[in-house]
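Along the sequence shown, residues carry numbers from 1. Predicted, not measured: the structure shown is a model, and the values here were computed from it.
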Amino acid sequence: MRRHAPCGLPVLALAGLFGLVLAPGTARAQIDQPSLTPRDAGPGLATTPQRQEPLGGIGGGPQQDPNAPVTFTADEVEYDRDRGLVIARGRVEAWQGERLLRADEFTYDRNTGVATARGNVQLLEADGTVLFADEAELKDRFRDGVLTGVRALLAANARLAANGARRTGGTINELGRVVYSACDLCEDDPTAPPLWQVQARRAIQDKDARRITYRDATVRFAGVPLLYTPYLSHPEPGTPRASGFLFPTMGITRFLGAFVGFPYYWAIDDSSDLMITPMFSARQYPNLGLEYRRRLNSGEIIGSASIGGFNGNDTGGKDDIAGHVFLKGRFTVDENWRAGFDLNRASNELYLRTFRYEYRRVLTSQVYTEGFFGTEGYARADARAYQGLRSSDDTRQVPYVLPNLYYEHAPHGKVLGGFVTADVNALGIYRDIGSMSQRLATRVTWERPEVGPLGDLWTFRLQGDALGYRASGQQEPPTNLPDANGNNAVGNIRAAIDWRMPFVRSAGEWGSQTIEPRVQFVTGPRMGPQRRIPNEDSVDFEFTDANLFQLNRFTGRDRQEGGTRVDTAIRAAWDFPNGGQVEGLVGRSFRFDDNSFNPYPGSGLDRRASDYVARLRVAPTSWFEVLGRVRTDSENPFDRRLVDTVATLGLGNVTLNAGYLYSPPLPYLLPVRARDEVSVGVSARIGEYWRANISGRYDLGIERPVLIAGSVGYEDECFILEGRFIKRFAQDPTTQSNYPADTVVLVRIGLKTIGDYFLRAI
């Protein structure tokens with residue numbers, strides 16, 4: 001029986017309520033003009049239609065001139081000279097600027113300065129809000145008045161009704177027996193109560209402060225009273241930002257016990273605001289959180305900070321004051337340059353997890369500037385500092401990057417028929433203890449594509465690297481390279497010929513099919529183990545189809561691939577007329593020698609014949625897709641080394657997804673063990689307003705869940721109800737126990753145009 005939420009509030013409404021202000025001085029001056037009503041006409045003289053001007057001003061809005069004239073039209077206009085009355089009847093419309101007043105009858109008394117509008121009174125504001133009343137009587141330069149049977153339509157679909165209203169000073173509106181809601185009415189039964197409404201004995205609308213304040217208010221859901229409060233205040237709907245307290249956040253968690261937060265929103269000015277949230281809990285010290293935002297003509301600053309701590313309940317009896325600061329700034333200097341900074345610091349991991357602040361494994365702070373010079377040039381200069389949050393992290397070995405300078409140039413014109421890109425980089429890495437190094441590096445690449453006589457595609461590539469180092473402390477962690485101390489230099493050049501031959505044939509009404517063999521020959525000097533060179537940016541390495549044909553397959557510049565090799569692959573694709581596709585690739589690489597490459601064992605390139613890499617995408621329709629990447633052992637193709645597969649199935653309003661991930665142990669990632677996980681998820685839209693999803697990951701290696709998450713939510717034009725559940729099973733490698741605050745239960749109740757209420761548990 002309902003189209004929207006259960007509702008049934010009479011179509012109420014109000015915004016810019018009572019912006020009606022008539023300027024009587026101007027009206028009298030114009031009324032005395034003979035052109036308005038000829039003096040020789042009797043009291044009953046009327047003209048149809050009659051355009052009059054002016055009777056005053058419908059003012060009160062910030063852009064209105066209260067002394068500007070009012071123009072009006074009516075089916076009939078009468079001037080009673082004996083009683084000093086001007087009466088307009090029948091489809092009366094009076095307007096000033098962008099504000100319009102409509103009524104069945106409009107009367108102005110010159111003797112008392114009282115203007116009365118009767119019958120279907122409507123006031124249309126410049127911002128689109130509409131006021132309805134049965135009768136309106138205004139006086140005192142029409143800034144004061146009384147209205148009966150008030151109904152108003154505000155911004156954001158909000159509606160308000162009152163038995164009567166009194167206007168004072170043109171900005172304060174006192175309402176009696178008020179009902180407010182933002183919910184639509186039921187189409188089948190408009191008399192049924194809305195999903196929610198606020199009923200109050202009295203309300204005050206302050207046009208200057210743009211707030212509505214209620215006294216003796218009751219919040220009703222589907223007509224049932226659920227909350228009473230002697231005082232309730234909220235901004236007028238459509239108000240961009242207004243200072244004030246928000247709904248408190250309450251809940252109970254294992255580490256905080258019962259807690260409550262009282263957020264206060266401070267709209268500092270038109271371009272900045274601050275959220276202040278004091279929190280009090282049963283088990284820990286009080287906590288104060290801050291969130292700041294500021295917009296500038298040239299950028300923005302966004303940040304959060306907090307201070308609080310532990311009273312010893314969960315820290316072995318040790319009191320500990322803690323806090324965090326996350327601050328970000330982004331600025332545009334001119335049409336070429338922009339700059340920014342990030343400041344991210346926190347006391348420890350336990351604090352961020354316990355108080356539910358944004359958690360990141362490593363915090364990065366930086367200051368940078370970068371320049372863009374058309375499509376040819378790019379420059380960047382930055383300095384960085386890192387902070388590891390785990391108790392096992394040795395902060396003395398966390399690096400500082402100062403400076404990091406980079407410039408790249410790619411001219412539009414061709415050089416020897418090909419495209420050239422050149423860059424230069426200066427990098428300095430420092431630690432309190434352990435390895436330190438400074439590096440100057442440059443790279444030049446040249447690439448020339450050609451089409452052969454058979455339609456085959458040839459690409460000729462050259463890449464040259466030159467690097468110089470000054471290093472110390474390399475015999476210590478984390479690098480452990482004693483031979484890399486001192487001044488060292490390394491150079492490398494790679495040349496490649498890449499050939500592809502796409503064979504394409506038509507499959508008629510089934511689209512087209514492609515088979516494309518690809519071979520690349522790469523050569524260059526042998527590089528060997530490179531133990532005399534520091535290694536800071538090439539530790540992370542993973543061999544897949546994505547880097548099979550790269551000239552240097554290391555992730556950074558500190559390690560250079562050398563020697564001669566051949567990369568091979570065959571790609572096949574079936575493209576359907578509906579946009580669907582089935583596409584796959586299988587490839588591997590062959591090295592001519594053993595001493596040109598030195599990745600970690602099990603990387604896939606530690607033998608002369610690399611592992612097999614493959615990719616498969618099956619997406620015959622828009623509602624089904626499977627994408628998978630696989631790496632298998634070079635000697636036993638059925639021995640998996642890497643599997644990453646994701647499948648998605650859309651069934652109308654229901655979407656299913658599943659995935660599988662297997663990754664071998666990585667020496668740079670602790671704990672050193674394989675990842676063997678499956679994941680599943682379901683999301684659905686139920687009807688027009690409900691949505692739900694649930695997902696989870698399970699580790700087959702350790703035989704326990706990794707993550708379980710779910711949510712359910714309802715949202716219509718006026719109400720939001722949402723519940724979330726998240727359970728993480730991650731363990732601290734130091735203590736072998738689950739991280740604190742590993743479970744989250746969050747309930748959100750939102751009354752649109754009024755505010756949101758949050759309840760957090762566990």
Side-chain angles (χ1 to χ4, degrees), residues 303 305-307 309-310 315-316 318 320-329 340-353 357-369 380-406 425-441 467-488 530-540 555-559 666-672 732-735 739:
S306 71
I307 184 170
F310 305 97
T315 55
K318 178 183 177 182
D320 188 14
I321 302 300
H324 87 282
V325 57
F326 297 155
L327 188 61
K328 177 177 71 174
F341 68 87
D342 294 280
L343 175 61
N344 298 300
R345 305 293 289 182
S347 297
N348 51 61
E349 176 185 31
L350 179 65
Y351 175 78
L352 294 180
R353 289 183 179 270
Y357 292 111
E358 180 185 358
Y359 172 73
R360 286 168 276 182
R361 168 68 180 85
V362 176
L363 301 181
T364 303
S365 299
Q366 64 172 335
V367 58
Y368 73 90
T369 181
R380 179 182 174 95
D382 68 59
R384 307 177 196 176
Y386 302 93
Q387 180 189 11
L389 293 180
R390 288 182 177 173
S391 57
S392 58
D393 294 333
D394 188 344
T395 58
R396 299 172 301 170
Q397 295 182 353
V398 176
Y400 301 91
V401 178
L402 179 70
N404 180 28
L405 308 176
Y406 180 81
N425 168 242
L427 175 67
I429 296 178
Y430 303 87
R431 293 179 173 88
D432 294 337
I433 62 171
S435 58
M436 294 182 285
S437 63
Q438 295 82 49
R439 183 188 74 188
L440 181 63
L467 305 98
Y469 293 88
R470 183 175 63 185
S472 62
Q474 296 293 313
Q475 71 279 3
E476 300 178 16
T479 54
N480 300 307
L481 293 169
D483 296 338
N485 288 318
N487 299 325
N488 293 288
Q530 305 175 67
R531 295 190 181 93
R532 296 177 58 84
I533 303 301
N535 185 11
E536 295 282 359
D537 67 2
S538 299
V539 177
D540 184 4
T555 54
R557 303 284 180 94
D558 286 340
R559 287 294 175 266
L666 303 176
Y668 52 84
L669 184 62
L670 298 176
V672 180
D732 187 327
T734 303
T735 63
Y739 282 109

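For Arg532, the CZ atom counts as loosely surrounded, since its 6.0 Å shell holds 12 or fewer non-hydrogen atoms of other residues, nucleotides or ligands. Sparse packing is recorded around OH of Tyr400, with 12 or fewer heavy atoms of other residues, nucleotides or ligands lying under 6.0 Å away. Within a 6.0 Å radius of CG in Leu343, other residues, nucleotides and ligands contribute more than 12 heavy atoms. More than 12 heavy atoms of other shown residues, nucleotides or ligands fall within 6.0 angstrom of atom CZ in Arg361. By the 6.0 Å contact criterion, CZ on Arg470 is open, its count of non-hydrogen atoms from other residues, nucleotides or ligands being 12 or less.
Proximity of Ser365 to Arg384: side-chain heavy atoms (C-beta onward) are nowhere separated by under 4.5 Å. The side-chain heavy atoms of Leu352 and Glu358, taken from C-beta on, include no pair separated by under 4.5 Å. Two residues are said to be in side-chain contact when any heavy atoms from C-beta on lie closer than 4.5 Å; Arg380 and Tyr368 meet this criterion. Annotation: side chain of Ile533 is in contact with side chain of Asn488 (closest heavy-atom distance under 4.5 Å). A 4.5 Å side-chain heavy-atom check between Val401 and Tyr430 finds every atom pair outside the cut-off. Contact annotation: the side chain of Val362 never approaches that of Arg360 to less than 4.5 Å [non-hydrogen atoms, C-beta and beyond].
A side-chain donor-acceptor contact under 3.5 Å links Arg559 to the backbone of Gln530. At least one donor-acceptor pair under 3.5 Å links the side chain of Asp558 to the backbone N or O of Asp537. Remark: the backbone N or O of Phe310 is not paired with any side-chain donor or acceptor of Asp320 at under 3.5 angstrom. Under the 3.5 Å distance criterion, the side-chain polar atoms of Asp394 are matched with a main-chain donor or acceptor of Arg396. At least one donor-acceptor pair under 3.5 Å links the side chain of Asn485 to the backbone N or O of Gly473. Between the side chain of Gln397 and the backbone N or O of Gly434, no donor-acceptor pair lies under 3.5 Å. Checked by atom type and distance alone, the side chain of Gln474 never pairs as donor or acceptor with a backbone atom of Pro534 at under 3.5 Å. In this structure, the side chain of Thr369 does not engage the main chain of Ala381 through any donor-acceptor pair within 3.5 Å.
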*Asn425/Arg439 under side-chain hydrogen bond (donor to acceptor under 3.5 Å, both in side chains): CA gap, chis, key distance, verdict*: CA-CA 8 Å; Asn425 168 242; Arg439 183 188 74 188; 2.9 Å; yes
*Check step by step if side-chain hydrogen bond (donor to acceptor under 3.5 Å, both in side chains) holds for Gln366 and Asp342.*
CA-CA 5 Å; Gln366 64 172 335; Asp342 294 280; 3.1 Å; yes
*Would you sort out whether Ser306 and Tyr351 count as a side-chain hydrogen bond (donor to acceptor under 3.5 Å, both in side chains), showing the intermediate values?*
CA-CA 10 Å; Ser306 71; Tyr351 175 78; 2.6 Å; yes
*Begin with the C-alpha distance, continue with both residues' side-chain angles, and end with the deciding distance and a verdict on side-chain contact (heavy atoms from CB on, under 4.5 Å) for His324 and Ser347.*
CA-CA 6 Å; His324 87 282; Ser347 297; over 6 Å; no
*Show your reasoning for whether side-chain contact (heavy atoms from CB on, under 4.5 Å) applies to Leu389 and Asn348.*
CA-CA 5 Å; Leu389 293 180; Asn348 51 61; 5.9 Å; no
*Could you give me the CA-CA distance, side-chain angles and deciding distance for Glu476 and Ser435, then say whether side-chain hydrogen bond (donor to acceptor under 3.5 Å, both in side chains) is met?*
CA-CA 6 Å; Glu476 300 178 16; Ser435 58; over 6 Å; no
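Taking CG from Leu402 and CD from Gln438, the interatomic distance works out to 10.0 Å, rounded to the nearest 0.5 Å. Atom OH of Tyr359 sits about 4.5 Å away from atom CZ of Arg353, to the nearest 0.5 Å. Residue Leu440 holds its CG atom at 8.5 Å from CG of Leu467, rounded to the nearest 0.5 Å. A distance of 10.0 Å separates CD of Gln387 from OG1 of Thr364, quoted to the nearest 0.5 Å.
Arg431 approaches Pro399 most closely through the heavy-atom pair CG-CA, 3.8 Å.
Every residue two or more places apart in sequence or in another chain was checked for a side chain to side chain donor-acceptor pair (under 3.5 Å) with Asn535, and none qualifies. Applying the ring-ring contact (aromatic ring centres under 6.0 Å, His included) test to Tyr469 and every residue at least two apart in sequence or in another chain returns nothing.
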